[in-house]
Structure formats: C-alpha cells, structure tokens
Amino acid sequence: MDFNLSEEHASFAESVRRFAHDKLAAGALARAHSPGYPSDVARLLARQGLLGIAFAEEDGGQGGSLMHAVLAIQEVALVCPKSADIVQAGNFGPIRTFVEYATPAQKQRWLPGLLSGEQLIALGMSEPEAGSAVTELRTSARLEGDQVVIDGSKVFSTHSPHASLFLVYVRFGPGVDGIGSVLVERGAPGFSIGEPSAFMSGEEWCQLYFENCRIPAANVLLGQGGFKKQIAGFNVERLGNASRSLALGRHAYNLAREHVLIRKQFGRALCEFQGIQWKFAEMALKLESAQLLLYKAVMEGEHGLPSAHATAMAKLACNQAGWEVANEALQAMGAMGYSRESLVEYCVRRTRGWMIAGGSIEMLKNRIAEGVFERSFPQRPPKAA
C-alpha cells in the first residue's frame with residue numbers, strides 16, 4: 001500500500017502550484033473580499049485546462065481523473081482560496097451532473113461556454129421548506145405540448161447572482177420517483193431572480209422565482225424518476241466541498257505557522273511555547289487524517305462513483321478539520337488572524353459554511369451510522385397505523 005501520490009499526479013500538482021503562484025497569488029486577498037464572480041480568473045483557468053478536468057475529451061474536457069480535479073482545487077486554494085471556487089464550479093456540482101446526463105444537443109449548446117469560463121451554471125435545489133429533506137421539494141413542472149411549465153422557488157443557490165444557466169430540481173409527480181431536473185436559462189419567461197443576500201462568508205445568493213415559467217421540453221435533463229440518478233452523483237459533489245474545506249484549513253495553517261515562527265513575545269518566538277506547539281501538533285494531525293480519508297474516497301471514484309459511506313466520512317472529516325484548524329490558526333495569530341488584512345479570517349468564515357452546504361455534518365453522521373449498522377434509519381416519523 002502506497003500512501004504517496006503517483007509520479008504523474010505529483011507532477012500535475014506541481015504544475016498547478018507553479019501556475020497558481022505565477023498567476024493567482026497577486027490579488028488573492030482582494031478576490032476573497034469581493035462578492036463578485038471573477039470571470040477573468042475563470043477564463044484564465046479554462047485556458048490552463050483546469051475546467052472540465054475529469055470530463056471526457058469528446059465533451060470538451062481534459063480526459064483526466066477525479067484525483068486530478070481534487071489536486072487542482074487543493075493547489076489553487078493554497079494560493080488563492082477564492083479562485084478554488086471556480087475550479088470547483090468547473091469540475092464538480094451542477095456542471096458534473098450536466099455532463100453526466102445531458103443529451104448531445106444539450107452539451108453542444110451549453111458546454112463550450114461553461115468550459116471556456118464564459119458562462120456559469122448554478123444549482124436550484126434547496127427551497128424555503130426543503131433543505132436537508134430535499135425530497136420534500138414543491139417546485140412543480142408539467143408538460144404542455146413542447147414546453148415545460150415550472151412554478152415554485154429556490155433559495156441558497158451558489159453563484160445564482162452570476163449564473164447564466166440553472167440546473168433546477170423539480171417535481172413532475174408525487175413521491176421520490178416524481179422528482180427530476182430541468183435546465184433554465186437566465187431570462188426565461190416567468191423566471192425571475194431576487195435581490196442578492198449574503199452569507200457570513202460574504203458570498204452572495206439570490207432567491208429564484210418560477211411563476212408559470214416556460215422552457216422548451218428539450219431542456220429537461222432528467223425527467224420523472226431521475227432523482228436517484230442525480231443524488232448518486234451528489235457523492236462526487238461532496239468531494240469537491242471536502243477538498244476546498246480541507247485546503248482552506250491548510251491555507252490558514254500555513255499562514256499561522258509562518259507567523260508563530262517569526263512573531264516574538266516575552267523575548268522568544270511564539271513557536272517556542274509548548275502551548276503553541278501542542279496546538280500545531282493537533283492541527284497537523286487533523287489535516288493529515290482528513291487528507292487520507294479524502295484520497296481514499298477519491299480513489300474509489302476513479303473506478304466509478306465513490307460510495308456514499310466513503311464520501312460521507314471524507315466530507316465530515318474534511319469539514320471538521322478545515323473549520324477547526326482555520327479557527328485555531330486564527331487564535332494563534334491573534335489580532336492579525338482576526339484582521340481582514342489576512343486571509344485566515346476568510347478561511348474561518350468559508351469553512352464554517354461547508355459544514356452545512358452539500359450535506360450538513362449531522363446528516364453525514366446519520367449516513368455513516370447507516371454504514372456502520374448496515375441498515376437505514378429513516379428521519380421521518382413512522383406512519384400512523
């Protein structure tokens with residue numbers, strides 16, 4: 001058993017690292033504090049071949065592996081955390097679901113723009129009354145001739161203020177088997193986008209409103225009965241979330257490590273105090289442990305879809321490690337870590353959100369428990385006899 005990256009993967013990571021330092025280091029702090037989507041960086045990453053890394057070449061991708069995509073997120077995040085969001089958006093989440101299930105005509109229409117960084121796709125999943133219990137979604141879709149009519153609303157959609165295309169989960173009929181998905185372009189009749197709201201991280205989102213929204217029937221991605229296919233692919237999405245969370249924890253750790261090596265108090269470097277040494281020993285342990293679980297899940301995904309159990313373990317470990325390490329790094333740096341002059345406070349705010357997004361840590365623990373006991377534990381109360 002070899003715990004080291006292959007020579008090819010290590011070489012790829014090094015090339016991304018050099019690119020990030022050359023092209024993304026300057027302006028990293030300003031990008032982090034801007035709520036906008038850096039389209040210039042998206043185009044730059046596309047030219048570098050960092051969008052669509054694991055997509056087939058016939059689809060316009062790079063023909064790489066899931067490990068390549070994860071390594072790209074990590075290396076970019078260690079230099080410019082905000083730019084890692086773009087690597088994520090171009091490799092995981094709705095774009096991956098789109099590539100997996102889109103028709104040739106749909107791919108021809110939208111993929112070139114998405115993979116060139118000129119366009120952006122967002123996910124419409126959560127609703128005011130359907131968060132973790134996503135199968136309770138109410139946004140409806142019905143076929144009328146050669147059109148689909150959509151009614152409902154979505155909340156907390158990442159990149160919604162800037163996206164040109166939305167992959168929207170809808171209900172064609174009752175029950176889980178009635179759930180599918182459609183592709184809605186910005187500006188579609190009956191589709192409106194609310195005013196931006198901001199998360200604690202500074203990232204903005206808009207509520208999406210569908211009022212007798214009409215789209216061509218050709219825009220159906222997965223029709224009635226497609227939910228189980230979509231949610232199976234969500235395991236891969238969690239690896240993108242986990243990668244960023246862990247990488248931002250490591251980014252904060254690296255900044256704090258440099259700080260305590262040179263910062264002096266009471267006539268000695270902070271790293272010479274045992275309390276600081278123990279803090280960093282615990283941080284290193286959390287980062288390395290989570291990294292192994294992440295790579296284990298990724299390697300499962302090299303041969304198909306990773307298991308729900310492995311991805312839940314990886315995301316939980318990376319979410320907790322990223323948040324806890326970033327928070328401890330801030331504490332080690334004191335007022336400098338708390339200041340917006342440092343990226344550490346940004347890493348704290350971003351990693352906190354990923355403990356909720358993409359499956360909360362509580363839901364992940366439920367999923368892990370099902371694997372442990374080899375049985376399901378429904379969250380809904382039993383039906384009355």
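Bear in mind that the values here come from a model prediction, so they are computed numbers and not experimental data.
- Judged by distance alone, with hydrogens and angles left aside, the side-chain atoms of Asn91 form a donor-acceptor pair with the main-chain N or O of Val87 at under 3.5 Å.
- Within 6.0 Å of CZ in Phe377 there are more than 12 heavy atoms belonging to other residues, nucleotides or ligands.
- Under a 3.5 Å cut-off, the side chain of Ser11 and the backbone N or O of Glu7 do not form any donor-acceptor pair.
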- request: Carefully, step by step, assess Lys315 and Asn241 under the rule side-chain contact (heavy atoms from CB on, under 4.5 Å).
  value: CA-CA 7 Å; Lys315 184 178 184 296; Asn241 175 306; 3.5 Å; yes
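- Atom-to-atom distance recorded for Leu115:CG and Leu50:CG is 12.0 Å, nearest 0.5 angstrom.
- Distance alone, capped at 3.5 Å, is enough to place a donor-acceptor pair between the Ser157 side chain and the Leu123 backbone.
- Heavy-atom minimum distance, Lys82 versus Pro35: NZ-C, 4.4 Å.
- Side-chain contact between Gln274 and Gln277 is present, with heavy atoms from C-beta onward closer than 4.5 Å.
- Taking both residues in full, the closest heavy atoms of Ile215 and Leu183 are given as CD1-O, 3.7 Å, listed atom of the first, atom of the second, then distance.
- Around atom NZ of Lys279, more than 12 heavy atoms belonging to other residues, nucleotides or ligands sit under 6.0 Å away.
- Arg349 is linked by a side-chain hydrogen bond (donor to acceptor under 3.5 Å, both in side chains) to Glu345, counting only residues two or more places apart in sequence or in another chain.
- Summarising the geometry of Cys213 relative to Phe191, their closest heavy-atom pair is SG-CB, 3.8 Å, with the distance given to 0.1 Å.
- Under the 4.5 Å side-chain criterion, counting only non-hydrogen atoms from C-beta, Pro161 is not in contact with Tyr37.
- For the pair Phe12/Met67, no side-chain contact is recorded, criterion being any heavy-atom separation below 4.5 Å from C-beta on.
- Heavy-atom minimum distance, Ser201 versus Arg350: CB-CD, 3.2 Å.
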field: Residues Phe92, Leu66; criterion side-chain contact (heavy atoms from CB on, under 4.5 Å); working and verdict
entry: CA-CA 10 Å; Phe92 294 92; Leu66 191 58; 3.6 Å; yes
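- Salt bridge annotation for Arg367-Glu370: present, with a cationic side-chain nitrogen under 4.0 angstrom from a carboxylate oxygen.
- To the nearest 0.5 Å, atoms CD (Glu328) and CH2 (Trp323) are separated by 10.0 Å.
- Under the 4.5 Å side-chain heavy-atom criterion for Ile, Leu, Val, Met, Phe, Trp and Tyr, Ile53 and Leu45 are members of the same hydrophobic cluster.
- Using a 3.5 Å distance cut-off with no hydrogens or angles, the side chains of Thr139 and Glu127 do pair a donor with an acceptor.
- Contact of the Val184 side chain with the Phe210 side chain is registered, since non-hydrogen atoms from C-beta on lie closer than 4.5 Å.
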- prompt: Between Asp59 and Phe98, does a side-chain contact (heavy atoms from CB on, under 4.5 Å) hold up when you go through it step by step?
  reply: CA-CA 11 Å; Asp59 287 332; Phe98 176 83; over 6 Å; no
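- Using a 4.5 Å heavy-atom threshold, the side chains of Leu294 and Gln74 count as touching.
- Other residues, nucleotides and ligands place more than 12 heavy atoms under 6.0 Å from the CD atom of Gln224.
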- prompt: Can you check side-chain hydrogen bond (donor to acceptor under 3.5 Å, both in side chains) on Ser307 and Glu300, steps first, answer last?
  reply: CA-CA 7 Å; Ser307 71; Glu300 277 192 15; 3.2 Å; yes
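- Formation of a donor-acceptor pair under 3.5 Å by the Ser243 side chain with backbone atoms of Val70 is not found in this model.
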message: Evaluate Val170 against Val148 for side-chain contact (heavy atoms from CB on, under 4.5 Å), listing each step before the verdict.
response: CA-CA 11 Å; Val170 294; Val148 177; over 6 Å; no
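- Of the inter-residue distances, the one linking Ile356 atom CD1 with Met363 atom CE reads 13.5 Å to the nearest 0.5 angstrom.
- Under the 3.5 Å distance criterion, the side-chain polar atoms of Lys228 are left unmatched by any main-chain donor or acceptor of Val176.
- The backbone N or O of Gly152 lies less than 3.5 Å from no partner atom in the side chain of Arg138, so there is not a single donor-acceptor pair.
- With contacts defined as side-chain heavy-atom distances shorter than 4.5 Å, the pair His9/His68 qualifies.
- In summary, Lys229 and Glu100 do not engage in a salt bridge, as defined by a charged side-chain N under 4.0 Å from a carboxylate O.
- Trp354 and Leu343 fall within the same hydrophobic cluster, defined by Ile, Leu, Val, Met, Phe, Trp and Tyr side-chain heavy atoms under 4.5 Å apart, directly or through other members.
- Met125 and Val168 fall into different hydrophobic clusters, where Ile, Leu, Val, Met, Phe, Trp and Tyr side chains are chained together by heavy-atom contacts under 4.5 Å.
- For the residue pair Glu75/His21, the side-chain donor-acceptor check at 3.5 Å is not satisfied.
- By the 4.5 Å heavy-atom criterion applied to side chains, Phe19 and Leu44 are counted as neighbours.
- In the displayed structure, Glu14 atom CD is contacted under 6.0 Å by more than 12 heavy atoms of other residues, nucleotides or ligands.
- In this structure, Arg109 CZ and Thr103 OG1 are separated by 10.5 Å, a value rounded to the nearest 0.5 Å.
- Taking 4.5 Å as the limit, every side-chain heavy atom of Tyr338 sits out of range of all side-chain heavy atoms of Val348.
- Under a 3.5 Å cut-off, the side chain of Ser34 and the backbone N or O of Ala30 do not form any donor-acceptor pair.
- Arg171 contributes a side-chain N or O that, together with a main-chain N or O of Leu137, makes up a donor-acceptor pair within less than 3.5 Å.
- Contact record, Leu114 with Ile95: CB-CD1, 4.0 Å, taken as the closest heavy-atom pair.
- The two residues Ala84 and Ile73 have their closest heavy-atom pair at CB-O, 3.9 Å.
- From Arg18, atom CZ reaches atom NZ of Lys23 across 13.0 Å, with rounding to the nearest 0.5 Å.
- Atom OG of residue Ser153 and atom CD of residue Gln207 lie 4.5 Å apart, to the nearest 0.5 angstrom.
- Met313 is connected to Leu364 through a chain of hydrophobic side-chain contacts under 4.5 Å among Ile, Leu, Val, Met, Phe, Trp and Tyr, so both are in one cluster.
- Using a cut-off of 4.0 Å between Lys/Arg side-chain N and Asp/Glu carboxylate O, Glu282 and Lys286 are scored as not salt-bridged.
- At a threshold of 4.5 Å between side-chain heavy atoms, the hydrophobic network of Ile, Leu, Val, Met, Phe, Trp and Tyr places Leu29 and Leu248 in one connected group.
- Ser181 places no side-chain N or O within donor-acceptor distance of the main-chain N or O of Leu167, the cut-off being under 3.5 Å.
- Under a 3.5 Å cut-off, the side chain of Gln106 and the backbone N or O of Ala218 do form a donor-acceptor pair.
- Looking at Glu258 and Arg263, no side-chain N of the basic residue comes within less than 4.0 Å of a carboxylate O on the acidic one, giving no salt bridge.
- The neighbour count for Phe273 CZ, taken as heavy atoms of other residues, nucleotides or ligands under 6.0 Å away, is above 12.
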